[in-house]
> 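I am attaching a structure below and will ask some questions about it afterwards.
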Amino acid sequence: MSGELDVTRAEVCVAACADLFASDGEILASPMGLIPQLGAKLARLTGAPELLLSDGEATLLGPDGEPEGWLPFRQVFDVVAHGRRHVVMGANQVDRFGNQNISAIGPHDRPTRQLLGVRGAPGNTANHRTSYFVPRHSRRVFVDAVDVVSGVGYDRAGGLTFHDVHRVVTNLAVFDFDNPDRSIRLRSVHPGVDPEEVAARTSFPLVLDGVPATRVPTPGELDLIRTRLDPDGTREKVVPS
Ligand code: F8G
């Protein structure tokens, strides 16, 4: 896809998800979905060796899936409340202040679609760092205003001391919330993606000038992804190039 290493879009997304955890230290990573999971494992093997990985049930795992500890479901709530966690959730909708919806689509009194429900999104965004991964960037996902606030965004987080919506990684780009008003900012555009395409697939305006390219994985990271973490290449089914 890009450069001599023939890096795929999925591999760029995995490295971008690994970078989500780069400065986290010894916290529990809770990546939802294959690409964020590969990113957390890659981070553990490279820049974030203290990261704790969970199987989503009750076991802490090493990067190759080897058991490292026991963390029953009830204790996850203690970890959530103490803020020692970084979750990467999905999003059916995200708006320009980082409000996320995984609950329902349409008017509250008569939704057109019932989705997963708010699940852990309210508690996560009130207590610790939260990021999102969107495998199919579209105007349907990046909306002016979400229909149901599951994960709380910066325009509603006034009283939340530990609110920290970190980044949104999509199949096209990476976003952060580093604007002065904490609105969403295009941080990088994946190699081979035209910034105008990102704008066309987003329902609110974006600043495109001067936006750098998302980094590509290093040769060492590529080797880990391709031979150790995802040798079957399932990543390419989630984010086709
Ligand atoms: C739409 C849209 C849209 C979808 N606009 N229509 C339509 C219009 C689409 C389809 C239909 C379905 C800590 C913690 C927890 C726990 C702990 C506490 C969490 C206890 C665990 C349990 C708990 C949250 C983790 C996630 C969500 C992961 C995803 C989704 C998806 C796709 C977003 C990728 N915008 N969108 N439709 N969970 N899930 O046309 O119509 O709706 O569409 O952290 O839980 O409680 O707390 O979503 O939707 O992060 O990311 O999979 O639902 O699969 O199938 O695309 O085609 O059927 O007509 P989906 P999809 P139709 S943390």
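Side chains are part of it too, since the values below use all heavy atoms of this structure and drop only hydrogens, waters and symmetry mates. Numbers here are sequence positions counted from 1. Remember, it's 1-based here, ligands and their atoms both numbered in the order they're listed.
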> When you measure from atom 62 (P) of ligand 1 to each heavy atom in M89, R136, R113, R85, which option holds the nearest one?
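Looking at heavy atoms only, the winner is R113.
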> Among E197, H137, R96, exactly one meets side chain to side chain donor-acceptor pair (under 3.5 Å) together with T202. Which residue is that?
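Exactly one option meets the side chain to side chain donor-acceptor pair (under 3.5 Å) with T202, and it is H137.
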> Could you tell me whether atom 55 (O) of ligand 1 has at least one protein heavy atom nearer than 4.0 Å?
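So atom 55 (O) of ligand 1 lacks protein heavy-atom neighbours under 4.0 Å.
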> Using a distance-only test with no angle check, is there a side-chain donor-acceptor pair under 3.5 angstrom linking T170 and H190?
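The answer is no; no qualifying pair exists.
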> Determine, using heavy atoms of F77 and all atoms of ligand 1, whether some pair is separated by less than 4.0 Å.
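Checking ligand 1 against F77, which is what was asked, there is a heavy-atom contact under 4.0 Å.
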> Would you mind checking which non-hydrogen protein atom is closest to atom 22 (C) of ligand 1, with the distance to 0.1 Å?
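Here the nearest protein heavy atom works out to R119 NH2, 3.7 Å.
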> What residue and heavy atom of the protein are closest to atom 21 (C) of ligand 1, and at what distance?
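Scanning the protein heavy atoms, the shortest distance from atom 21 (C) of ligand 1 goes to F73 CZ, 4.0 Å.
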> Using modelled atom types and a 3.5 Å cut-off, is there a donor and acceptor pairing between side-chain atoms of S138 and backbone atoms of R140?
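Side chain of S138 to backbone of R140, a donor-acceptor pair under 3.5 Å: yes, one is there.
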> When you measure from atom 23 (C) of ligand 1 to each heavy atom in G120, S138, P36, A104, which option holds the nearest one?
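Selected option, by shortest heavy-atom distance: G120.
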> Would D176 and R167 count as a salt bridge (charged side-chain N to carboxylate O under 4.0 Å, His left out) if you check the C-alpha gap in whole Å, the side-chain angles of each, and the deciding distance to 0.1 Å?
CA-CA 4 Å; D176 60 28; R167 291 185 193 164; 5.4 Å; no
> For E66 and D64, indicate whether the former's side chain and the latter's backbone hold a donor-acceptor pair under 3.5 Å.
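Yes; at least one donor-acceptor contact below 3.5 Å.
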> Just go through A91, A121, P135, G90 and tell me whose heavy atom is the nearest to atom 26 (C) of ligand 1.
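Nearest option to atom 26 (C) of ligand 1, by heavy atoms: G90.
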> Hey, is F133 one of the residues with a heavy atom under 4.0 angstrom from ligand 1?
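No, F133 has no heavy atom closer than 4.0 Å to ligand 1.
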> Would atom 42 (O) of ligand 1 count as contacted, meaning some protein heavy atom under 4.0 Å?
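So atom 42 (O) of ligand 1 has protein heavy-atom neighbours under 4.0 Å.
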> On a heavy-atom basis, I'd like to know which of L115, T112, N127, L116 is closest to atom 38 (N) of ligand 1.
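The option holding the nearest heavy atom is L116.
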> Among side-chain atoms of S183 and D181, is any donor-acceptor pair under 3.5 angstrom?
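Yes.
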> So which protein heavy atom does atom 1 (C) of ligand 1 come closest to, and at what separation?
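For atom 1 (C) of ligand 1, the nearest protein heavy atom comes out as R140 CZ, 3.5 Å.
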> Using heavy-atom distances, let me know which of I105, N92, T125, V134 sits nearest atom 32 (C) of ligand 1.
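Comparing heavy atoms across I105, N92, T125, V134, the nearest one to atom 32 (C) of ligand 1 lies in N92.
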> For Q93, counting its heavy atoms only, list the atoms of ligand 1 lying under 4.0 Å from any of them.
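Within the 4.0 Å cut-off of Q93, ligand 1 contributes 35 (N).
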> Among N124, D147, V80, V94, whose heavy atom sits nearest atom 44 (O) of ligand 1?
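Among N124, D147, V80, V94, the closest heavy atom to atom 44 (O) of ligand 1 belongs to N124.
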> Out of V174, L206, N179, which residue meets the side-chain contact (heavy atoms from CB on, under 4.5 Å) rule with R185?
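The passing option is N179.
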> Answer yes if a protein heavy atom lies under 4.0 Å from atom 30 (C) of ligand 1, otherwise answer no.
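No; the ligand atom in question lacks any protein heavy-atom contact below 4.0 Å.
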> Below 4.0 angstrom, counting only protein heavy atoms, does anything approach atom 34 (C) of ligand 1?
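Flag for atom 34 (C) of ligand 1 set to false, no protein heavy atom closer than 4.0 Å.
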> Could you walk me through whether L224 and K41 satisfy the side-chain contact (heavy atoms from CB on, under 4.5 Å) test, starting with their C-alpha distance in whole Å, then the side-chain angles of each, then the deciding distance to 0.1 Å, before giving a yes or no?
CA-CA 10 Å; L224 286 169; K41 291 177 179 177; over 6 Å; no
> Identify, with sequence neighbours excluded, every residue that meets ring pair (Phe, Tyr, Trp, His ring centres under 6.0 Å) alongside Y132.
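Result, ring pair (Phe, Tyr, Trp, His ring centres under 6.0 Å) vs Y132: none returned.
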> Classify the side-chain pair T46/E221 by whether it contains a donor and acceptor separated by less than 3.5 Å.
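No, no side-chain donor-acceptor pair sits under 3.5 Å.
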> Within a distance of under 4.0 Å, is there any protein heavy atom near atom 51 (O) of ligand 1?
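Protein heavy atom within 4.0 Å of atom 51 (O) of ligand 1: present.
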> With respect to R85, which candidate in N124, N127, T130, D24 satisfies the side chain to side chain donor-acceptor pair (under 3.5 Å) definition?
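Checked N124, N127, T130, D24 against R85; only one passes side chain to side chain donor-acceptor pair (under 3.5 Å): N124.
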